[in-house]
Amino acid sequence: MIDKRFASAREAVADIFDGATVMIGGFGEAGSPIELIHALIDQGAKGLTVVSNNTGTGLVGLAALLRAERVSKIICSFPKTAGSTVFPDLYRAGKIQLELVPQGTLAERIRAGGAGIVAFYTPTAVGTPLAQGKESRVFGDREHVLEHGIRADFTLIKGRTADTHGNVLYHRTARNFAPMMATAATVTIVQAAQVVDAGALDAEVIVTPGIFVDRVVHVPAPALESALNEAGASYP
Amino acid sequence: MIDKRFASAREAVADIFDGATVMIGGFGEAGSPIELIHALIDQGAKGLTVVSNNTGTGLVGLAALLRAERVSKIICSFPKTAGSTVFPDLYRAGKIQLELVPQGTLAERIRAGGAGIVAFYTPTAVGTPLAQGKESRVFGDREHVLEHGIRADFTLIKGRTADTHGNVLYHRTARNFAPMMATAATVTIVQAAQVVDAGALDAEVIVTPGIFVDRVVHVPAPALESALNEAGASYP
Amino acid sequence: MTSATSIGWTRDAIAERVAQDIPNGSYVNLGIGIPELVASHVPAGRTFIYHTENGLLGMGPSPAASESDPELINAGKRRVTMMPGAAFFDQATSFAMIRGGHLDLSVLGAFQVAANGDLANWSTGADDAIPAVGGAMDLVAGVKRVFVMTTHMTKEGEPKLVQRCTYPLTGRAVVTRIYSDLAVIDVTARGFALVELAPGITFDFVQERTAAPIITSHALEARQ
Amino acid sequence: MTSATSIGWTRDAIAERVAQDIPNGSYVNLGIGIPELVASHVPAGRTFIYHTENGLLGMGPSPAASESDPELINAGKRRVTMMPGAAFFDQATSFAMIRGGHLDLSVLGAFQVAANGDLANWSTGADDAIPAVGGAMDLVAGVKRVFVMTTHMTKEGEPKLVQRCTYPLTGRAVVTRIYSDLAVIDVTARGFALVELAPGITFDFVQERTAAPIITSHALEARQ
């Protein structure tokens, strides 16, 4: 009998430690695991390194985690979405480090970390400031830059449906970084709007196989960043 | 209006040229695109480099292509399945070159070729004869070997269902190498037991998006290697 | 393009001109902003399939309110729809499409384009700017052809087509062709080369507003 | 193991002994041949999830004739079934599981295991052999723990546990523990270390059939 369910987001994030590296799924609000992030804010871990494509908007979710000054560094491709003020303020004040990575390189570095590929050569960013200080090498007639896999201690992602073995399906463009991030952490935590028994999902359509998932939390009606922001919410 | 259907396997493989590199899907008989391979035998191209996990069994499918002496080199992880006599005979006679690649490295090299990753470092095969002559490098405290992406001129694969845009679903463990091979060739040709209009498949469950597929051939009742072999078949 | 610019092509006219150059069945990624207009000007009889790098192939136009889904968005984080034949996928697959050369065309905006095809479109390098790159560097490194769609000059009246970019690069020697309000210009081994002038615009008018030489002998060939 | 070997553990007894050491909920890859017997000896109350590298997690036993599907096979190309919670995936994902350290355990056969954990199990290096490796090198490089399950000696009576492998390696320093018909032996920083003897087998009997020293002080700790 295998059952990866945790009773609450609070319990699922309880062991995230100060200084941990945490991957957080989402592209803008699509796929952002807000309830897990809020549980992490409540939990209190600090000095985190966060890997996430954006930095959140308004005063909820990822932006709220940053605003609480729990994050010392973010690895990110696009930290200035419209409606994002928390990160810009912290960044200008020198209160957070930024490692800026092209979006496709970020995706591939996370995939590599999860797949046991320690490093790879890519043509992306050659000749730009984001390749400065990186090793490069010519293959054929083209220059490539060496990029390294990324791994994390924890991953927080949002699924549409998960089963008790940790198999996960996503909703439309909320899928984005979640499948790679699920593979690249020591502990992967999924919040899912629907949780079903193992065997209820078609084995042909599973996007994230359960081997990559450690904890499943049922969050039946997940909040959306845009709705919270329109309502003027802030967390906590 | 986009319609990638070709009327027959014969027409779909007509432009495969002498000396081409051809990826052929399948793990054993599961996923082997027998009708496309037989069309390639009829078509007559020779001096081919084939990328495929195995070398076929009996005197049909991939084994028949080898037996017709159309293949000068095979890139392969396991060329001696039970029931495989054609390849061993050719190999011992010095009539075919073999590049032996660990199965996971083969999969990753094909994926890399399709994903624009020119090369990567892997721990697989370090310290073994298959790493001899390859560049290696220590990351952390572990040695890794440099492996290069593979690309092909053509890919031949077998799907369960395809649509007119080239989106493909597979059947169980017949999926194996097909999704990566679809990405790594200039021209990807799919034979599918069922062909439907674009829009008939759920966008959430598509395994190979149509952008990776150039030609779709409807093969309603594909042959199986084991059934042909039990019947004592040989091709042509 | 401000409303004060009443000469040359309008934004929609540029988009229409770009669309004319895209073959039927092309897989296309449209950058955020003015390039998105291309989707409104697809020539009759052609179908383009739109890729949005956050994970959808077969993107459709903005949704009716009843179909609006906050988790069906484009790379600009705006809500979109999906067309028949669409597919969702993760970021690794999406950028495999881009980096692996599977997309036929990317249409992007620009801060500057150099005569050798260098593109700067992600950062002005200003000290107080928040650096943000998204998928721009991946697109220019991987997509088969990169078109730039832009006003010919900045709002401040500075040329965007230059001998050498002064802003931080997005990629080296990546731009194929430029569509501005004044002209269509190819990037060739010999530098900028005129393909076509907007109605009522003279070559000298364009050259004066371009900070690198434009060759003209290319125009006839390119139009054929 | 031939029927002549009537002393020590039977193949099934070895499999049972291996299974005892696998925690509930483990993700396990069983090599083709004798390791497959482990699946028949899962202790009561435990569930193992079987991975087969050709693209299935949640592999079940051989099918009834009515359920037999030539495209639902294992890495040995034999027909199998799937368990509730199973998932299919491609080879890149399957080997991401392996190489990325997501599998808890691989149980493999061996030609030779060296005292430093080197494993040779893919080729005898014979001149006329057809070289074939499959996923063996990936498994030993990536899976968290690698158990070897083997007869203690070859059919010809040669030791399989050696000081240094003479056959071509599958991987360097990869084997964690060896389960033979005679004993359970750990690979430690000090070489082979006895964990347990099969019923009726003495330490000297095992040592005589092993071409490298076996330390014994380890046994008590390892059993705790």
Side-chain angles (χ1 to χ4, degrees), chain B residues 27-32 53-55 57 76-84 87-88 91-92 98 100-108 110-112 114-115 122-131 142-143 158 160 170-181 207-208 224-227, chain D residues 32 52-56 59 68-82 86-101 116 118-120 122-123 125 127-142 165 167-174:
Chain B
F27 178 90
E29 70 173 329
S32 183
N53 192 63
N54 304 107
T55 57
T57 59
C76 182
S77 97
F78 208 84
K80 60 166 186 192
T81 315
S84 155
F87 176 82
Y91 183 73
R92 291 201 182 93
L98 169 66
L100 191 68
V101 182
Q103 192 172 334
T105 299
L106 182 62
E108 191 68 12
I110 297 167
R111 181 194 174 274
T122 175
T124 297
V126 166
T128 79
L130 298 192
R142 195 161 184 208
E143 193 178 342
K158 177 186 182 182
R160 175 176 50 125
Y170 302 94
H171 178 65
R172 296 181 162 178
T173 56
R175 187 183 306 194
N176 56 67
F177 284 88
M180 287 90 63
M181 288 180 169
V207 178
T208 291
L224 282 160
E225 236 174 71
S226 57
Chain D
I32 303 312
T52 180
E53 61 264 33
N54 54 312
L56 170 60
M59 178 175 65
S68 177
D69 179 344
E71 295 192 323
L72 177 52
I73 61 176
N74 69 8
K77 304 190 177 72
R78 278 209 291 272
R79 299 186 190 182
V80 296
T81 50
M82 55 205 241
F88 295 106
F89 36 80
D90 64 35
Q91 291 293 278
T93 303
S94 186
F95 282 89
M97 291 175 188
I98 292 172
R99 202 190 305 101
N116 66 350
D118 287 0
L119 174 66
W122 71 283
S123 166
D127 282 346
D128 66 338
I130 303 298
V133 66
M137 290 183 182
D138 305 283
L139 284 163
V140 300
C165 294
Y167 290 153
L169 290 191
T170 309
R172 281 197 311 223
V174 294

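Reminder, nothing fancy here: chain letters follow the sequence lines and each chain counts from 1. All values below come from the heavy atoms of this structure, side chains included, with hydrogens, waters and symmetry mates left out.
Each of D/A141, D/G134, D/G55 has some count of heavy-atom pairs under 4.5 Å with chain B, and the biggest count is that of D/G134. In terms of non-hydrogen atom pairs under 4.5 Å with chain D, the most contact-rich of B/E108, B/E29, B/R111, B/M180 is B/M180. Taking B/P79, B/A107, B/G28 one by one and counting their heavy-atom pairs under 4.5 Å with chain D, the maximum is reached by B/P79. With chain D as partner, the option from B/S84, B/S226, B/G127 having the largest number of non-hydrogen pairs under 4.5 angstrom is B/G127.
Looking at every heavy atom in both residues, B/L100 comes nearest to D/W122 through CD2-CZ3, 3.6 Å. In this structure, D/D138 and B/G104 approach most closely via the heavy-atom pair OD2-N, 2.9 Å. Here the shortest heavy-atom pairing between B/F27 and D/A75 reads CZ-O, 3.4 Å. Nearest heavy atoms, D/D90 versus B/R175: N-CD, 3.8 Å. Listed here is the closest heavy atom pair of B/P129 and D/L169: CD-O, 3.7 Å.
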Working note: B/S77 + D/Q91, criterion side chain to side chain contact (heavy atoms under 4.5 Å, CB included); need CA distance, chi angles, decisive distance, verdict. CA-CA 12 Å; B/S77 97; D/Q91 291 293 278; over 6 Å; no

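Counting heavy atoms from C-beta outward, D/D69 and B/H171 have side chains that approach closer than 4.5 Å. Using a 4.5 Å cut-off on side-chain heavy atoms (C-beta onward), D/F88 and B/V207 make no contact. Residues D/E71 and B/L224 meet the side-chain proximity criterion, which asks for heavy atoms closer than 4.5 Å.
Annotation: B/R92, atom CZ; neighbour count of heavy atoms from other residues, nucleotides and ligands within 6.0 Å is above 12.
Proximity to chain D is absent for every atom of B/E225, based on heavy atoms less than 4.5 angstrom apart. For D/T52, no part sits under 4.5 Å from any heavy atom of chain B, backbone or side chain. Looking at B/Y170, neither its backbone nor its side chain comes within 4.5 Å of chain D, counting heavy atoms on both sides. Heavy atoms of B/L98 lying under 4.5 Å from chain D belong exclusively to its side chain. Only the side chain of B/Y91 comes within contact range of chain D, with heavy atoms under 4.5 Å apart.
Heavy-atom proximity under 4.5 angstrom to chain B picks out D/A92, D/F95, D/R99 from residues 92-101 of chain D.
Here B/R172 contributes atom CZ and D/N54 contributes atom CG; the two are 13.5 Å apart, rounded to the nearest 0.5 Å.
For B/T173, there are no side chain to side chain donor-acceptor pair (under 3.5 Å) partners at least two apart in sequence or on another chain.
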